[in-house]
**Student:** 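Can you read through this structure? Questions will come right after.
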Number of protein chains: 2
Amino acid sequence: MDPNPIGFQHHDHSHCVADAVEAADRSCREAGLQLTPVRKRTLEILLEEHRALGAYDVLARLSEDGFGSQPPVAYRALDFLTKHGFVHKIEKLNAFIACAHPGELHTPAFLICTSCQAVAEAETDPSHSLLANIAETTGFRISRAVLEAEGTCPNCLASEK
Amino acid sequence: MDPNPIGFQHHDHSHCVADAVEAADRSCREAGLQLTPVRKRTLEILLEEHRALGAYDVLARLSEDGFGSQPPVAYRALDFLTKHGFVHKIEKLNAFIACAHPGELHTPAFLICTSCQAVAEAETDPSHSLLANIAETTGFRISRAVLEAEGTCPNCLASEK
DNA sequence: TGATTGATGTTATGTTATTACGTCTCAGCC
DNA sequence: GGCTGAGACGTAATAACATAACATCAATCA
Ligand SMILES: [Zn+2]
Ligand SMILES: [Zn+2]
Ligand SMILES: [Zn+2]
Ligand SMILES: [Zn+2]
């Protein structure tokens, strides 16, 4: 299985890390946010891997790179990036992944392949959202939604046969 | 979708625990499953509380009742109940809650009030499911879905004013 | 200058979950 | 009866995930 899928397709990975970091940098400057070295490096790590990483995986990499070696170092950077939409947490995996569609405000849905561990981020249509409908009928006001599905990705389905 | 999710309304709780346990008992006998004392007691505990409980909360109660005191005791019972649809795990809370609509196969959606901690289980319409649509367009085969929303429940919205 | 804020680091601890292994029971079979 | 395999339950030990509390430093600003 491809160790490098975005969504479930192959792609040229060589430039997208730098581009995404650059975009985040610009976005932070505009918003008055500090994309500090640890934070930037954390984002790079997630982009390079292009898959969901646990906080301790990230921490190990940061530590190798000369940053602090204690859990709060990773958790704080991940919190910042998550809070500002550059990274998402996959609740089902207790893991983090770089946003595949940064910039726009969105409610992502994740498709998690239990065979190859790939994670794809799909966009949802807010107006037709299942949860929005439920919220409307029940009078519940949603602030954040978690949409995750486990299953088998197209690649793994194909190779099963 | 269920227009009347259990969770945000008061209701007479006195009989529903016994009824639900009875139903589970019957269902297990029919399916050739063993609803053993620990498993039954675990289900009772979750039904009595009628809210999401952590595995260690459940464990403490089981231990008080003379069952084992080590984590696997709770996790194994919860795994059994979850696997067979009597209990759901709320990923966002790392907690477990008794199913509000047992018996039918379903993909529940949870509404989690961050103000009062109430959790409501709403039914979803599989055919119109957001994730089902995504799966169709991407070729991903879903085996399990996690649908959870955090926000404010109708009761808390009302008392905010 | 002194106060405030926000970022980073550390130590220590808390919370959630699993692995590994021994025992018991019961059903199926000789 | 005695053997065997499967499944349930118990324990000890450990792994994996996450936060609290506190010290330091730099930038900002009255
Ligand atoms: Zn995203
Ligand atoms: Zn796959
Ligand atoms: Zn349910
Ligand atoms: Zn509430």
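In what follows, chains carry the letters A, B, and so on, assigned in the order in which the sequence lines appear, proteins first and then strands, with residues in each chain numbered from 1.
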**Student:** For DNA chain D, which residues of residues 29-36 of chain B approach it to below 4.0 angstrom with any heavy atom?
**Tutor:**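 Nucleic-acid contacts, sorted: B/Q34, B/T36.
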
**Student:** Five pairs per end, C1' atoms only: what is the angle between the end axes of the helix from C/dT1-D/dA30 to C/dC30-D/dG1, to 10 degrees?
**Tutor:** 10°

**Student:** Counting distance only, does the side-chain N/O of B/R39 pair as donor-acceptor with the main-chain N or O of B/Q34 below 3.5 Å?
**Tutor:** yes

**Student:** Just to verify, what does B/R141 make a side chain to side chain donor-acceptor pair (under 3.5 Å) with, not counting sequence neighbours?
**Tutor:**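 With sequence neighbours excluded, B/R141 shows a side chain to side chain donor-acceptor pair (under 3.5 Å) to no residue whatsoever.
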
**Student:** Determine the minimum heavy-atom distance between A/C113 and A/C153, stating which atoms define it.
**Tutor:**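 A/C113 and A/C153 have their closest heavy atoms at SG-N, 3.5 Å.
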
**Student:** What integer distance in Å separates A/R41:CZ from C/dT8:P?
**Tutor:**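 So the CZ-P distance, A/R41 to C/dT8, works out to 15 Å.
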
**Student:** B/L53 CG to C/dT16 P: how many Å, rounded?
**Tutor:** 11 Å

**Student:** Test: side-chain hydrogen bond (donor to acceptor under 3.5 Å, both in side chains). Region: residues 75-85 of chain B. Which pairs qualify, not counting sequence neighbours?
**Tutor:** none

**Student:** Under 4.0 Å: is that the gap between some side-chain N or O of B/N94 and OP1 or OP2 of C/dA17?
**Tutor:** yes

**Student:** Any side-chain heavy-atom pair from B/C99 and B/H106 closer than 4.5 angstrom?
**Tutor:** yes

**Student:** Under 4.0 Å from a heavy atom of chain B: give me the 5'-most and 3'-most nucleotides of DNA chain D that qualify.
**Tutor:** D/dG7 to D/dA12

**Student:** In the structure I gave you, are the side-chain heavy atoms of B/L46 and B/L78 within less than 4.5 Å of one another anywhere?
**Tutor:** yes

**Student:** Should A/L147 and B/V146 be counted in the same cluster of Ile, Leu, Val, Met, Phe, Trp and Tyr side chains packed under 4.5 Å apart?
**Tutor:** no

**Student:** Nearest 0.5 angstrom please: A/D65 CG to A/E44 CD, how far?
**Tutor:** 9.0 Å

**Student:** Return the minimal non-hydrogen interatomic distance between B/A74 and B/L62, and the atom names on each side.
**Tutor:** CA-CD1, 4.2 Å

**Student:** Is there a residue in residues 63-80 of chain A whose heavy atoms reach under 4.0 Å of DNA chain D, and which residues are they?
**Tutor:**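 Here the set is A/P71, A/P72, A/Y75.
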
**Student:** Where the side chain of B/E148 meets the backbone of B/E91, is there a donor-acceptor pair that is under 3.5 Å apart?
**Tutor:** yes

**Student:** Could you tell me if the side chain of B/V119 sits less than 4.5 Å from the side chain of B/L111, heavy atoms only?
**Tutor:**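 SC-SC contact between B/L111 and B/V119 ruled out.
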
**Student:** Are any non-hydrogen side-chain atoms of B/F80 and B/L35 less than 4.5 angstrom apart?
**Tutor:** yes

**Student:** Please name the pair of heavy atoms, one in B/A98 and one in B/L43, separated by the smallest distance, quoted to 0.1 Å.
**Tutor:**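 Scanning both residues, the minimum pair turns out to be CB-CD1, 4.4 Å.
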
